[in-house]
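Let me begin by presenting the structure, written as structure tokens, before commenting on it.
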Amino acid sequence: MPRYYQLKEIMREKIRSGEWKPGDLIPSERELGEQYGISRMTARQAITELVNEGLFYREQGKGTFVSRRKITQQLIHLTGFTEDMKARGQQPGTRVLSAEMRPADEAVAERLRIKPGLQIFRLHRLRLADGEPLAIEVSHISFIGCEKLLEEDLEHNSLYRLLETKYGLPLLEADQELEAGLIGSEEAQYLKVPVGSPALFTRRVTYTERNQPIEYASSVYCGNKYVFYTHMKREQ
Ligand code: GLP
């Protein structure tokens with residue numbers, strides 16, 4: 001395992017165990033380097049990655065601190081909920097609210113580039129982290145044989161993982177929109193927040209080979225628990 005990765009895991013564990021608490025200043029690159037017998041560059045890489053993942057934040061001239069427990073979802077790599085939670089050292093959880101085959105309506109069909117009325121797999125899930133509800137997601141899935149998903153245990157399996165490993169459908173890219181909004185009454189019950197709390201809505205179309213949409217998902221995230229992170233480069 002590369003050394004920066006080992007250091008990342010060590011620091012993750014310090015957060016997990018509570019040794020480092022939200023708001024704590026973490027040791028400098030030099031101190032970490034000396035403590036673990038690695039170069040400053042290596043320590044910097046580990047810190048930068050945890051900043052990018054949202055576990056740390058930097059303050060100019062002051063140092064790097066442990067983040068408050070908002071969940072940061074990076075918008076750079078295409079990842080699923082389970083992967084995101086595991087990367088943060090949290091236990092992902094799922095409650096399947098419904099799973100069924102149904103005809104695609106106009107809007108869904110357009111996103112999936114299929115004919116309206118075609119049967120698709122619709123999955124309604126509550127997503128949790130360490131037992132705490134975070135988001136509600138409705139996934140519409142379309143591929144030949146998608147009805148086999150009815151037999152899957154989607155409370156204990158990652159949808160992305162199943163699609164990629166069991167069904168041989170690589171997930172290559174996605175388009176995602178983000179919109180601010182308010183939690184409605186049905187969502188409030190599941191997410192255990194008051195109606196009208198801030199919410200972040202996302203809509204994602206995920207593509208498999210040959211630019212073929214495979215999933216159209218709309219999600220509602222608790223606005224007070226989420227941060228979306230993206231790293232931008234100025235075009236030269
Ligand atoms: C994210 C996306 C969803 C996707 C899910 C897969 O939350 N917004 O579109 O369905 O990840 O997560 P998992 O692989 O944990 O089922």
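In this text the structure is predicted, and so the values were computed from the model without any measurement. When a ligand or atom number is given, it counts from 1 through the structure's own listing order.
Ordered by chain and residue number, the residues placing a heavy atom less than 4.0 Å from ligand 1 are G80, F81, T82, R125, R127, E137, S139, S158, L159, Y160, R204, E215, A217, S219, Y221.
Two rings, from F201 and Y221, have their centers 6.0 Å or more apart.
Scanning all heavy atoms of the two residues, the minimum distance from V96 to E155 falls at N-OE2, 2.5 Å.
Taking a 4.5 Å side-chain heavy-atom cut-off between Ile, Leu, Val, Met, Phe, Trp and Tyr, the cluster of Y5 extends to M1, Y4.
Considering Q45, M41, R40 as possible partners of E29, the one that fulfils the side chain to side chain contact (heavy atoms under 4.5 Å, CB included) test is R40.
The number of heavy atoms from other shown groups lying within 6.0 Å of CD (Q119) is above 12.
Donor-acceptor pairing under 3.5 Å is recorded for the side chains of E152 and Y167.
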